[in-house]
Amino acid sequence: MRPLDEQETTQVFEKLFKYVGNNLKNIVENPSHDASSSRYVFRLQKNRVYYVSESLVKRATNIKRHNLVSLGTQLGKFTKSGKFHLTIQCLGLIAANAKHKVWLKPTSEMSFLYGNHVLKGGLGRITENIKENDGVVVFSMSDVPLGFGVAAKSTADCRKMDPNGNVVLHQSDIGEYLRMEDDL
C-alpha cells in the first residue's frame, strides 16, 4: 500500500470533482470520526484506490502487501490503460457530498438497480443547474442512495423531453454488489 503519485492523485480528484464539485475540500480535509485517529488519506493497493484513516494505515504496515486484501473505503480502480473508474463502494462518500442529485420514482428504482439508464418518466425530482455530462448521484424518493451516473441532458432540457428519453446514463448502482460479487 503506497500513497498516490501526482498523476494518480490528479485523476482521482478530477473524477471525484465531477460528482462532488467544491465539496471535494470536505473529503480531502475531513477529520477522522473517532478522536484517537488522525485525518483520512488516499492509498493505492493492487490498482485500487482506498480512502482510509492514517491510524489504520499505520496499523496495516504490519501486514505483508500480498496478504492485504482491502483497507478502508475503496473509491475506485485504475484500469490497465491507466484510466481511473469509480466503484460502487464510494457511493456513501459521494452521496454525502453530492453536488447534483436525482430522485427516482419507486416504479423505476428496480430498472436502475438492474443497470439501466434513468428515463425521464421515472424521474421524481432533479436538482437545478445540472449541465449535460455532469456527475449525478441517484437517490430513491426516501433519500437512499442507489448509485451514480452522468447527466445525459441538462435540467432545462429534461423538462422539455419525452418520457422515454434518457436523463441519467448509468455508471454504477448498489445492485452491483449482487451482479458482480466476485469482482468486488
Side-chain angles (χ1 to χ4, degrees), residues 4 7-30 42 48-49 51 73-181 183-184:
L4 301 175
Q7 181 184 4
E8 292 165 343
T9 303
T10 303
Q11 284 185 309
V12 171
F13 283 1
E14 284 175 354
K15 189 66 82 163
L16 285 173
F17 185 79
K18 184 176 185 177
Y19 290 92
V20 299
N22 293 332
N23 293 335
L24 180 60
K25 177 181 63 169
N26 298 340
I27 295 172
V28 174
E29 297 174 358
N30 185 18
F42 297 92
R48 297 181 188 278
V49 177
Y51 181 68
T73 303
Q74 181 183 332
L75 291 181
K77 61 183 180 179
F78 284 98
T79 62
K80 291 180 182 178
S81 64
K83 294 181 181 179
F84 180 71
H85 291 282
L86 291 173
T87 55
I88 189 60
Q89 291 92 333
C90 73
L91 180 62
L93 188 65
I94 290 176
N97 297 290
K99 182 178 174 184
H100 302 299
K101 300 177 183 180
V102 166
W103 289 266
L104 297 182
K105 293 178 182 174
T107 55
S108 64
E109 287 178 15
M110 285 305 289
S111 176
F112 181 74
L113 294 178
Y114 284 130
N116 298 319
H117 301 310
V118 176
L119 302 177
K120 201 249 186 194
L123 200 61
R125 293 186 315 211
I126 185 169
T127 56
E128 293 296 323
N129 302 327
I130 295 178
K131 297 181 184 101
E132 192 172 336
N133 297 323
D134 277 350
V136 176
V137 179
V138 179
F139 289 88
S140 67
M141 289 304 276
S142 56
D143 282 332
V144 176
L146 300 175
F148 52 90
V150 176
K153 302 283 184 186
S154 66
T155 304
D157 292 341
C158 287
R159 299 193 197 302
K160 302 174 202 166
M161 65 188 303
D162 68 320
N164 292 327
N166 288 333
V167 176
V168 177
L169 303 176
H170 178 274
Q171 294 283 312
S172 188
D173 64 80
I174 55 176
E176 287 182 14
Y177 284 117
L178 299 174
R179 291 194 312 269
M180 303 173 86
E181 192 174 357
D183 297 335
L184 299 176

Between F42 and T9, is the side chain to side chain contact (heavy atoms under 4.5 Å, CB included) condition met? List the steps. CA-CA 8 Å; F42 297 92; T9 303; over 6 Å; no
Set of residues satisfying side-chain hydrogen bond (donor to acceptor under 3.5 Å, both in side chains) with respect to [X], sequence neighbours excluded:
{"X": "S108", "value": "none"}
{"X": "D162", "value": "none"}
{"X": "S154", "value": "D157"}
{"X": "N116", "value": "S111"}

Sequence neighbours left out, what passes salt bridge (charged side-chain N to carboxylate O under 4.0 Å, His left out) with E109? Give chain and number order.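 Salt bridge (charged side-chain N to carboxylate O under 4.0 Å, His left out) list for E109, sorted by chain: empty.
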Tell me, please, which residues at least two apart from D173 pass salt bridge (charged side-chain N to carboxylate O under 4.0 Å, His left out).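 Once residues adjacent in sequence are excluded, the partners of D173 under the salt bridge (charged side-chain N to carboxylate O under 4.0 Å, His left out) criterion are R179.
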Spacing of [X] atom [atom1] and [Y] atom [atom2] [to the nearest 0.5 Å]:
{"X": "I88", "Y": "L91", "atom1": "CD1", "atom2": "CG", "result": "4.5 Å"}
{"X": "I94", "Y": "I27", "atom1": "CD1", "atom2": "CD1", "result": "7.0 Å"}
{"X": "L86", "Y": "S172", "atom1": "CG", "atom2": "OG", "result": "8.5 Å"}
{"X": "L16", "Y": "L93", "atom1": "CG", "atom2": "CG", "result": "7.0 Å"}

Quick one: which of V144, I126, D143, L123 gives a side chain to side chain contact (heavy atoms under 4.5 Å, CB included) with W103?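 Among V144, I126, D143, L123, the one that satisfies the side chain to side chain contact (heavy atoms under 4.5 Å, CB included) with W103 is D143.
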[X] and [Y]: which non-hydrogen atoms are nearest, and at how many Å?
{"X": "A152", "Y": "L169", "value": "CB-CG, 3.9 Å"}
{"X": "G149", "Y": "Q171", "value": "CA-CG, 3.3 Å"}
{"X": "H117", "Y": "V168", "value": "CB-O, 3.4 Å"}

Not counting sequence neighbours, list each pair that qualifies as a ring pair (Phe, Tyr, Trp, His ring centres under 6.0 Å) and has a residue in residues 79-99.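 Listed by first then second residue: F78-F84.
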Does anything in residues 156-175 pair up under ring pair (Phe, Tyr, Trp, His ring centres under 6.0 Å), and if so which pairs, sequence neighbours excluded?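 Sorted pair list: F112-H170.
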Taking side chain to side chain contact (heavy atoms under 4.5 Å, CB included) as the test, write out the residues that go with T107, two or more places apart.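 Scan of T107 (side chain to side chain contact (heavy atoms under 4.5 Å, CB included), adjacent residues dropped) gives K105.
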With sequence neighbours left out, what residues match F17 under ring pair (Phe, Tyr, Trp, His ring centres under 6.0 Å)?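 Once residues adjacent in sequence are excluded, F17 has no partner under the ring pair (Phe, Tyr, Trp, His ring centres under 6.0 Å) criterion.
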Only pairs at least two apart or in different chains count here, so list each salt bridge (charged side-chain N to carboxylate O under 4.0 Å, His left out) that has a residue in residues 8-21.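 Only R2-E8 qualify under salt bridge (charged side-chain N to carboxylate O under 4.0 Å, His left out).
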Do [X] and [Y] come within less than 4.5 Å of each other through their side chains, counting heavy atoms only?
{"X": "T155", "Y": "T127", "value": "no"}
{"X": "N166", "Y": "L119", "value": "yes"}
{"X": "M161", "Y": "V167", "value": "yes"}

NZ of K120: more than 12 outside heavy atoms within 6.0 angstrom?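 Yes - once you tally the heavy atoms of other residues, nucleotides and ligands closer than 6.0 Å, there are more than 12.
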Verify side chain to side chain contact (heavy atoms under 4.5 Å, CB included) between V28 and Y51, making sure each step is shown before the conclusion. CA-CA 10 Å; V28 174; Y51 181 68; over 6 Å; no
N/O donor-acceptor pairs under 3.5 Å from side chains in residues 129-138, not counting sequence neighbours:
from	atom 1	to	atom 2	distance (Å)
D134	OD2	H100	NE2	3.2
D134	OD2	K131	N	2.9

